[in-house]
Protein chains: 2
Amino acid sequence: METCPKCATPTSVIRAGMIRGKVRFHCKSCDYHFTQEHSVKTSPQKQVHTTIKDIAQLMGVSIATVSRALNNKTDISPKTRDAIQKLALELDYNPNLFAKGFQRGETKTIGVVIPNIKRPFFAGVLSGIQEVANEHGYRVMICQSNESYETEVTNIQGLLASHVDGLLISHSKETTRFNQIKNLFEKGLPMVHFDRICTEVETPKIRQEDFEGAYQLVEHLIQQGYQRIAILAGPPELLISQKRKEGYISALEKHGLPVKSEYMLHGDFSKEFALASVDAWQQLPEPPDAIFAIHYLNAVEIIQYSKELGIEIPKQLGIVGFGDEYLAEIIEPALTVFHLFPQKVGEVAASLLFDVISNKHSNQQEDVLVQGQIIIRKSSLKKV
Amino acid sequence: METCPKCATPTSVIRAGMIRGKVRFHCKSCDYHFTQEHSVKTSPQKQVHTTIKDIAQLMGVSIATVSRALNNKTDISPKTRDAIQKLALELDYNPNLFAKGFQRGETKTIGVVIPNIKRPFFAGVLSGIQEVANEHGYRVMICQSNESYETEVTNIQGLLASHVDGLLISHSKETTRFNQIKNLFEKGLPMVHFDRICTEVETPKIRQEDFEGAYQLVEHLIQQGYQRIAILAGPPELLISQKRKEGYISALEKHGLPVKSEYMLHGDFSKEFALASVDAWQQLPEPPDAIFAIHYLNAVEIIQYSKELGIEIPKQLGIVGFGDEYLAEIIEPALTVFHLFPQKVGEVAASLLFDVISNKHSNQQEDVLVQGQIIIRKSSLKKV
DNA sequence: TTGAAAGCGCTAACAC
DNA sequence: GTGTTAGCGCTTTCAA
């Protein structure tokens with residue numbers, strides 16, 4: 001509020017706004033018009049952010065009016081609104097989203113916890129999440145557990161401290177205790193699981209075709225004439241290990257092939273274990289004639305190792321895997337895989353989370369299936 | 001504040017805290033001790049976050065005291081402190097970091113703008129950034145420009161609205177106007193450039209050995225006996241295109257080889273352009289006997305295409321590239337590359353940004369070099 | 001050692 | 001149509 005230079009009474013602003021960097025005032029008492037320099041209190045241009053208070057002072061209106069103008073409320077005169085919006089634009093005004101969400105107790109931010117950004121599958125998922133989040137006007141905070149349970153717990157703690165409005169989680173392979181997650185879920189934090197799912201909490205989950213994909217891959221091998229199919233699975237606690245193994249067994253049984261325990265090995269996805277498994281299998285009286293590696297990298301490693309050993313692929317040994325990275329196409333022979341569409345997984349997971357956040361969907365357990373697709377390449381084509 | 005059931009006077013709490021879910025009170029007026037149920041106002045267990053106010057009410061102390069206790073301030077009695085901390089733990093108290101930073105005008109969050117998460121280089125950078133940010137107690141907000149200038153501008157706008165305390169940027173390949181960045185820089189927003197650097201603004205920058213790497217790769221080719229070395233560069237506006245090309249030219253000149261314009265092609269990193277370039281070169285009266293593709297994917301694509309064309313690598317055609325993805329090792333023949341250590345780039349960029357944020361470092365221009373390393377593989381070994 | 005109160009940026013309920 | 005004010009969670013004077 002300015003003081004009239006003529007009658008020394010508080011005045012009101014003319015709606016027309018500014019003239020050559022000055023604000024026009026009008027004193028009601030003495031009907032006097034006058035202008036005034038912008039009264040920028042702080043050192044000019046050195047603050048990163050303009051606030052509605054700054055704008056209010058410059059325009060000589062209340063912050064409420066500025067708020068109304070900037071939010072395009074109806075109860076404001078078009079003149080004032082336009083003048084304020086114009087000034088806001090000039091000043092590069094940027095609303096503080098956190099202050100905005102502060103009252104409603106929301107941050108318009110979601111948290112994502114994944115084992116490792118560098119794995120192409122998760123990079124793809126993230127990309128999908130980002131896209132959907134952007135569409136919904138949400139920002140994304142990403143944490144990596146690096147496959148450590150402890151880091152995962154710390155990450156979730158951190159995201160919680162950031163007051164994220166929801167959580168997307170794929171657990172580390174170490175994670176076997178879920179009380180933290182359960183706790184949050186029961187408190188009502190919107191949450192969706194994907195990929196490395198946790199069955200102990202009834203969150204909505206994004207399911208991939210782990211069983212179906214494994215089934216299709218193994219069936220394909222059988223149709224190609226492979227008879228002794230081995231599986232290189234991951235840690236037995238991991239659900240994807242279990243599901244893919246079930247698909248594998250189911251396909252064998254369906255086609256009347258024996259399920260042999262010596263053909264089923266559980267490891268930690270490491271290269272060492274993959275190669276050791278190949279060695280072990282080669283020592284058997286009846287070595288397998290095909291290998292299904294549930295982790296694509298292991299499949300690639302096995303192809304390379306087999307070539308070193310002089311084992312012909314796909315003639316002597318067929319190889320299939322999960323996950324279609326660029327690698328699968330490049331390696332020779334090219335790898336037959338079941339592709340999971342990571343970007344799609346991310347998109348679906350994020351969509352579901354936003355449905356829960358906006359109460360369009362309850363946070364009850366519900367599995368949403370993201371379909372995959374088998375991509376047949378040379379590594380499993382015995383017949384051709 | 002509770003009221004004494006005996007004398008109806010406001011009372012104070014006994015520091016000892018809770019007994020079987022109840023709080024013990026003590027009335028100073030009548031020296032009467034009594035307990036009371038926790039008076040949770042909202043529906044029990046349904047709020048995600050406990051606040052200091054909740055704790056203050058339960059303990060019967062002021063929020064200031066709670067704040068002091070939880071921040072381990074000195075001016076508080078150990079008894080009160082311990083009791084409060086214990087209760088906070090029980091209630092899974094999580095401070096609202098945004099409320100905390102609100103006053104100081106900081107969010108303990110940094111923003112990262114990159115072209116594409118799915119590119120292994122950027123995934124690596126992100127991983128490095130994350131790690132350093134965690135160490136500094138900062139969170140990271142990631143945006144993808146998808147190589148679009150418009151998206152990049154929107155992303156930065158969004159990060160700004162999130163009031164990030166600093167910005168790490170690698171520009172899209174479309175970006176040629178930097179007024180937005182310049183503006184922010186001049187306003188004093190801490191900012192560091194990496195990889196796709198912008199020279200028009202005097203921010204600190206993370207430089208990679210683009211010139212040096214190119215020089216080493218080309219010199220290596222020359223030493224292997226290749227004479228007609230071509231370069232497949234990216235968009236000419238991109239600094240990495242320019243720098244790597246300079247290194248290429250410099251190596252040729254140093255070794256007295258002619259610099260021929262027909263051997264230098266600028267494209268958009270697409271596969272189509274890469275293959276078309278190979279075709280064009282093959283039509284020359286004197287086709288190149290080695291190709292330096294500044295983008296690793298192009299190098300891989302060229303290897304594959306050459307094999308299709310029946311060109312022998314490395315005998316007839318040597319190939320080298322930038323960036324050591326797993327792919328480079330897997331493809332046959334394995335690709336000679338200059339490795340950039342993306343994780344390291346991320347770590348250094350983040351460290352520098354935090355130095356600027358904490359005023360340990362001015363936000364003046366300064367180039368920090370992250371060293372790379374040449375990794376020689378079969379694709380360029382003519383002599384062996 | 002503790003409490004009361006102001007204030008960070010913004011919205012919304014209420015007053016005029 | 002516009003201003004005043006309370007309050008979101010928290011820290012930080014200032015008083016007591």
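By convention in this document, chain letters (A, B, ...) are assigned in the order of the sequence lines, proteins followed by strands, and residues within each chain are numbered from 1. All values reported here derive from a predicted model rather than from experimental measurement.
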Engineer: Look at the side-chain N and O atoms of B:S77 and state whether any lies under 4.0 Å from the OP1 or OP2 oxygen of C:dT2.
Structural biologist: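 Yes, because at least one side-chain N or O of B:S77 sits under 4.0 Å from OP1 or OP2 of C:dT2.
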
Engineer: Looking at A:E186 and A:K182, is any side-chain nitrogen of the basic one under 4.0 Å from a carboxylate oxygen of the acidic one?
Structural biologist: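 No, this pair does not count.
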
Engineer: On DNA chain C, compare the nucleotides closest to A:T51 and B:P78; which residue's is nearer the 5' end?
Structural biologist: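 Its nearest nucleotide being more 5', the pick is B:P78.
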
Engineer: Looking only at side-chain N and O atoms, does B:T203 offer a donor or acceptor that is under 3.5 Å from a partner on B:H193?
Structural biologist: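 Side chains of B:H193 and B:T203: pair found under 3.5 Å.
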
Engineer: Round to the nearest Å and state the distance from B:H49 atom NE2 to D:dC10 atom P.
Structural biologist: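 Whole-Å distance recorded here is 10 Å.
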
Engineer: Could you check whether B:I52 gets within reach of a base, just the sugar-phosphate, or nothing at all, counting any heavy atom under 4.0 Å?
Structural biologist: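 Since a base atom lies under 4.0 Å of B:I52, the category is base.
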
Engineer: Does a side-chain N or O of B:N71 approach OP1 or OP2 of D:dT11 to a distance below 4.0 Å, or not?
Structural biologist: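 Result: yes.
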
Engineer: Rounded to whole Å, please give me the gap between CG in B:L70 and C1' in D:dC10.
Structural biologist: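 That distance rounds to 11 Å.
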
Engineer: Mind calculating the distance between CZ (B:R81) and P (C:dT2) to the nearest angstrom?
Structural biologist: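 The answer, rounded to whole Å, is 11 Å.
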
Engineer: Ring-plane angle category for A:F178 and A:H171, please: parallel below 30°, perpendicular beyond 60°, tilted otherwise.
Structural biologist: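 Rings of A:F178 and A:H171: perpendicular, as their planes differ by over 60°.
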
Engineer: For C:dT11 and A:K100 - does any side-chain N or O of the residue sit under 4.0 Å from the phosphate oxygens OP1/OP2?
Structural biologist: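 A:K100 to C:dT11 OP1/OP2: side-chain N or O found under 4.0 Å.
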
Engineer: Each nucleotide N or O in nucleotides 12-16 of chain C that has a protein N or O under 3.5 Å away: list the pair and distance.
Structural biologist:
{"unit_1": "C:dA12", "atom_1": "OP2", "unit_2": "A:K73", "atom_2": "NZ", "d": "3.4"}

Engineer: Considering only side-chain heavy atoms of A:A99, which listed nucleotide, D:dT4, D:dG9, C:dG9, is closest?
Structural biologist: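 Of the options given, the side chain of A:A99 lies nearest C:dG9.
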
Engineer: Of A:I169, A:I114, A:L352, A:L353, which is the lone residue that meets side chain to side chain contact (heavy atoms under 4.5 Å, CB included) with A:F194?
Structural biologist: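 Of the listed options, the one satisfying the test is A:I114.
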
Engineer: Between D:dT11 atom C1' and B:E106 atom CD, what is the distance in whole Å?
Structural biologist: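 Rounded to the whole Å, the gap is 12 Å.
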
Engineer: Taking 4.0 Å as the cut-off, does a side-chain nitrogen or oxygen of A:S62 come that near to OP1 or OP2 on D:dG3?
Structural biologist: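 So the side-chain polar atoms of A:S62 do come within 4.0 Å of the phosphate oxygens OP1 or OP2 of D:dG3, strictly under.
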
Engineer: Counting side-chain heavy atoms from CB outward, which of C:dC10, C:dT1, D:dT2 is closest to A:T65?
Structural biologist: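 Of all the options, the side chain of A:T65 is nearest to D:dT2.
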
Engineer: Let me know the distance between CZ of A:F98 and C1' of D:dC10, rounded to the nearest Å.
Structural biologist: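 After rounding, the gap between these two atoms is 16 Å.
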
Engineer: Can a donor-acceptor pair be found between the side chains of A:E152 and A:Q180 at a distance below 3.5 Å?
Structural biologist: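 Side-chain D/A pair, A:E152 to A:Q180: absent.
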
Engineer: A:T65 versus A:M59: any side-chain heavy-atom pair under 4.5 Å?
Structural biologist: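 No. Closest side-chain heavy atoms not under 4.5 Å.
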
Engineer: Could you list the donor-acceptor pairs under 3.5 angstrom formed by side chains in residues 129-136 of chain A, with sequence neighbours left out?
Structural biologist:
{"unit_1": "A:Q130", "atom_1": "NE2", "unit_2": "B:I142", "atom_2": "O", "d": "2.9"}
{"unit_1": "A:E131", "atom_1": "OE1", "unit_2": "A:Q343", "atom_2": "NE2", "d": "3.3"}
{"unit_1": "A:H136", "atom_1": "ND1", "unit_2": "A:V132", "atom_2": "O", "d": "2.9"}

Engineer: OP1, OP2 of D:dT2 versus side-chain N and O of A:T80: anything below 4.0 Å?
Structural biologist: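 Answer is yes, contact under 4.0 Å.
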
Engineer: Grab the CD-P distance between A:Q57 and C:dG9 for me, whole Å please.
Structural biologist: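 Value for this atom pair: 11 Å.
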
Engineer: For D:dG9 and B:Y93 - does any side-chain N or O of the residue sit under 4.0 Å from the phosphate oxygens OP1/OP2?
Structural biologist: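 Looking at the OP1 and OP2 atoms of D:dG9, neither is under 4.0 Å from any side-chain N or O of B:Y93.
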
Engineer: So, do A:L89 and A:Q85 sit near enough that their side-chain heavy atoms are less than 4.5 Å apart?
Structural biologist: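 Answer no - side chains too far apart.
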
Engineer: Take the protein atom CZ of B:F102 and the nucleotide atom P of D:dT12, then report the distance between them rounded to whole Å.
Structural biologist: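 Rounded to whole Å, this separation is 15 Å.
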
Engineer: Figure out the CG/C1' separation between B:N94 and D:dC10, and round it to whole Å.
Structural biologist: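 Spelled out: CG on B:N94 to C1' on D:dC10 is 14 Å.
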
